[in-house]
Amino acid sequence: MSQKASTPKGTRDFSPSEMAGRNYIFETIRDVFARYAYLPIETPAMENLTTLTGKYGEEGDKLLFRILNSGDYLAASGKFDEQGNSLGPLNTAGFTNLICDKGLRYDLTVPFARYVVQHRGDIVFPFKRYQIQPVWRADRPQKGRYREFYQCDVDVIGSNSLLYDAELLQIASEVFSKLSIPVTIRVNHRRILAGIAEYLGSPEKFREMTTAIDKFEKIGADGVNRELKQSGFGDEAIQKLLAVLNVNAEHATEMMHWLEAEVLSGSETGLSGLQELKTVFGYLECQLPADALKTFAFDPALARGLSYYTGTIIEVKANGVGIGSICGGGRYDDLTGVFGMPGVSGTGISFGADRIYDVLNEMKLFPPAIETSARVLVVNFGKQEEAFALKTVSRIREAGIAAEIYPEAGNLKKQFSYADHRKIPLVLIAGPDEISRDHLTLKNMKSGEQIHMHNKDLIAILQKIE
RNA sequence: GUGGAUGUAGCUCAGCUGGUUAGAGCGUCGGAUUGUGGUUCCGUAGGUCGUGGGUUCGAGUCCCAUCUUCCACCCCA
């Protein structure tokens with residue numbers, strides 16, 4: 001009896017043509033990271049549950065994949081008989097903690113914080129690392145939302161310098177420019193949001209306020225109004241907030257001036273956040289050409305959910321594609337505190353490789369040439385010619401050119417058709433005629449042109465065709 | 001986790017209110033062309049109609065369950 005072949009919900013296989021696209025993304029991102037002098041690390045797919053829980057809020061904890069312990073834990077618990085009947089009161093949470101103590105990582109930032117604390121003796125600060133690995137979330141899948149997906153994280157830990165905030169923004173700008181994806185990079189500061197909450201007279205409702213404004217673009221002013229009312233904001237406060245969201249400032253500097261004068265003047269926190277952002281934008285102006293600067297937008301309505309951000313926050317969306325954010329991040333002042341290493345500031349961003357793939361695919365922005373396997377196919381004529389063909393294919397490989405020989409003899413039609421399907425640009429023909437004269441025939445599959453050459457000139461000619 | 005759609009050949013889909021052997025295009029493979037692919041022509045193969053139950057004389061079509069994918073909420077890369 002055969003069973004149905006399938007992958008678990010929200011997970012996928014990647015075939016060679018998809019891997020070509022994925023590797024193109026990973027290589028592009030890795031190149032940029034490395035050029036800014038970030039160093040690679042990897043951490044295990046699973047972490048202790050104590051490392052993961054409580055870091056992503058209540059919702060996040062629900063989305064953790066937990067790994068069942070091995071062993072006879074039921075007998076050990078003493079709460080169940082052999083038929084599985086409960087012998088005493090034990091709630092789900094308690095039971096879960098009893099039977100599993102490991103989980104799949106939910107992101108790369110928290111494992112990185114754990115890594116930093118654990119290796120603090122070996123690390124030279126500020127530590128710049130990158131990490132490209134899959135993460136898992138037990139979310140309900142949708143388009144652009146998977147249960148297993150790759151994040152490409154770059155973080156700096158152990159420095160308060162805003163130069164790094166600016167550097168990461170520059171990295172984001174460069175990655176998307178290299179991938180030719182038109183994006184908007186929205187930037188805000190958590191302390192500006194805190195200042196706005198003070199301005200509204202409800203600093204304690206900071207959380208409710210940020211989750212409401214985060215939806216501004218999606219649900220509009222009316223929707224935000226409703227949300228805020230539900231959270232207990234007064235009408236006056238709501239009007240003040242909507243006025244902030246509706247300010248139509250063309251340039252970041254205009255918006256900043258207005259906020260400084262009208263909204264944040266009474267909030268020390270808010271003003272300090274604004275000052276930091278000004279500094280960051282100042283650095284960007286030094287580092288980036290004008291057309292790259294245009295992709296950045298200061299947006300006081302950007303909130304971002306993750307609770308550990310404390311400073312600059314950033315989010316990137318592809319223009320004109322209905323896929324969520326493809327990159328996000330920010331500064332966190334005390335991520336390592338929970339692991340017993342307080343007062344270490346970090347800043348980082350994360351690229352969503354799978355969503356970037358979807359964007360490139362939807363916008364048809366993948367370069368055409370990334371999928372070739374071999375550059376040369378050597379035709380197989382049969383027993384008599386095989387030895388010659390094998391020697392030739394080895395010579396080509398030794399010259400650093402990807403080559404393969406067709407596995408079966410005869411039927412040239414089939415062999416050429418194979419080269420066509422595989423997008424192999426060159427076919428080398430070494431049949432009886434050629435071998436007898438120590439010659440070769442090379443066909444260019446794109447132009448259809450064939451050239452004859454002496455056997456000894458092969459490598460030189462192939463290298464010239466490059 | 002809550003609510004709603006979806007599933008027919010490898011791919012994109014058709015199949016009217018239940019009614020004989022479930023169709024098309026593209027692709028595959030073979031031939032026209034045994035030393036030449038991409039175009040053309042001819043032909044071939046390929047289907048547990050997502051899966052499991054049920055209603056019915058009869059189910060791709062109706063009902064229930066389940067899985068997948070997608071959409072909204074929640075949240076997020």
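Chain A is the first sequence line, chain B the second, and so forth, proteins listed ahead of strands; every chain is numbered from 1.
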Nucleotide nearest [X] when distance is taken to its side chain, options [options]:
X	options	result
A:Glu59	B:rG37, B:rG35, B:rC74	B:rC74
A:Lys414	B:rU69, B:rG30, B:rU36	B:rG30
A:Leu412	B:rC75, B:rA77, B:rU36	B:rU36

[X] side chain near [N] phosphate (N/O to OP1/OP2, under 4.0 Å):
X	N	result
A:Lys215	B:rC73	no
A:Lys218	B:rC73	yes
A:His421	B:rG27	no
A:Lys9	B:rU68	yes

Sugar-phosphate only, base, or nothing, as touched by A:Gly10 at under 4.0 Å among non-hydrogen atoms
sugar-phosphate

Mind checking if A:Gly60 touches a base, just sugar-phosphate, or nothing, with heavy atoms under 4.0 Å?
nothing

For [Y], is there an ion pair with [X] - N to carboxylate O distance below 4.0 angstrom?
X	Y	value
A:Asp61	A:Lys55	no
A:Arg147	A:Asp139	no
A:Asp107	A:Arg137	no
A:Arg105	A:Glu47	no

Taking N and O atoms by type only, does the side chain of [X] place a donor or acceptor under 3.5 Å from a partner on the base of [N]?
X	N	result
A:Arg145	B:rC75	yes
A:Asp420	B:rG37	yes
A:Lys446	B:rG38	no
A:Arg140	B:rC70	no

Is it the case that the side chains of A:Thr441 and A:Gln450 hold a donor-acceptor pair, with the cut-off being a distance below 3.5 Å and no angle test?
no

Need to verify one output field. Residue with the more 5' nearest nucleotide on RNA chain B, A:Asn411 or A:Gln142?
A:Asn411

Which comes earlier along RNA chain B counting from the 5' end, the contact point of A:Glu434 or that of A:Lys143, where each point is its nearest nucleotide?
A:Glu434

